[in-house]
S.K.: 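Sharing a structure, written as C-alpha cells. Questions coming.
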Amino acid sequence: MSERQPAHALEEVAQKWRALADRRSAHFLELHRSGRWRRYYSEEQFLVRMHEAIRLSERWAEIAPAPPAELVPEHSDMTNRTAA
C-alpha cells in the first residue's frame with residue numbers, strides 16, 4: 001500500500017514544475033529576442049510553441065504560487081527607515 005506524501009513534498013514538486021515552465025517560457029522569449037527561432041521553427045510553429053510555453057508558465061503560477069519569501073520585494077520600505 002502506498003503512503004501519502006506530506007503536503008510540503010507535493011508543494012516542492014509543484015514549485016519545480018513551475019520553475020521548469022518559467023525557464024521554458026524565458027527560453028522562448030530569448031529565442032524571440034535574438035531571432036534565433038528562425039533556425040529551428042517556421043513562424044507559425046514558433047508562435048504556437050511560444051504561446052503554449054507562456055500559457056503553461058501562467059497556469060503553473062496559479063497552481064503553485066511563489067512562496068512568501070519570493071513575494072517580498074528586494075528593497076522594501078524597511079531599508080528607508082532610520083533608527084529613532
Side-chain angles (χ1 to χ4, degrees):
M1 190 173 213
S2 65
E3 289 185 35
R4 296 189 74 184
Q5 292 196 355
H8 64 84
L10 296 176
E11 188 171 321
E12 184 178 319
V13 170
Q15 289 297 325
K16 287 181 181 182
W17 277 105
R18 177 185 177 198
L20 178 63
D22 288 346
R23 285 193 311 271
R24 184 169 180 252
S25 179
H27 172 71
F28 275 96
L29 292 173
E30 173 57 24
L31 283 175
H32 180 266
R33 187 194 63 74
S34 69
R36 286 189 350 238
W37 65 269
R38 291 179 180 93
R39 294 181 181 212
Y40 311 108
Y41 303 100
S42 70
E43 184 174 4
E44 182 181 353
Q45 287 174 328
F46 179 72
L47 290 175
V48 166
R49 291 186 184 202
M50 184 171 73
H51 286 288
E52 179 71 4
I54 292 169
R55 185 187 68 76
L56 288 172
S57 179
E58 290 171 348
R59 182 64 181 128
W60 274 107
E62 292 172 5
I63 294 169
E70 290 183 24
L71 296 176
V72 177
E74 224 176 85
H75 301 287
S76 66
D77 291 340
M78 295 297 289
T79 58
N80 294 331
R81 294 184 181 175
T82 57

S.K.: When hydrophobic residues are tied together by side-chain contacts of less than 4.5 Å, even through go-betweens, does L20 share a cluster with V13?
M.R.: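 Yes.
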S.K.: For the CD atom on E11, are there more than 12 heavy atoms of other groups (residues, nucleotides or ligands in this structure) within a distance under 6.0 Å?
M.R.: no
S.K.: Measure the spacing between NE2 of H8 and CD of E12 and express it to the nearest 0.5 Å.
M.R.: 8.5 Å
S.K.: Listing request: all salt bridge (Lys or Arg N to Asp or Glu O under 4.0 Å) pairs with a residue in residues 40-53, at least two apart in sequence or in separate chains.
M.R.: E52-R55
S.K.: Measuring from atom CD of E62 to atom OG of S57, what distance do you get when rounded to the nearest 0.5 angstrom?
M.R.: 10.5 Å
S.K.: Using links of under 4.5 Å between side-chain heavy atoms of ILVMFWY residues, direct or through other members, which residues join L29 in one cluster?
M.R.: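 In the cluster with L29 are F28, L31, W37, Y40, Y41, F46, L47, M50, I54.
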S.K.: For A21 versus W60, what's the shortest heavy-atom pair and its separation?
M.R.: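 Shortest heavy-atom contact: CB-CD1, 3.9 Å.
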S.K.: For the CD atom of E58 and the CZ atom of R18, what is their distance to the nearest 0.5 Å?
M.R.: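 Here the interatomic distance stands at 11.5 Å.
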S.K.: Using atom types as modelled and distance alone, determine if a side-chain donor or acceptor of Q15 lies under 3.5 Å from a backbone N or O of L10.
M.R.: no
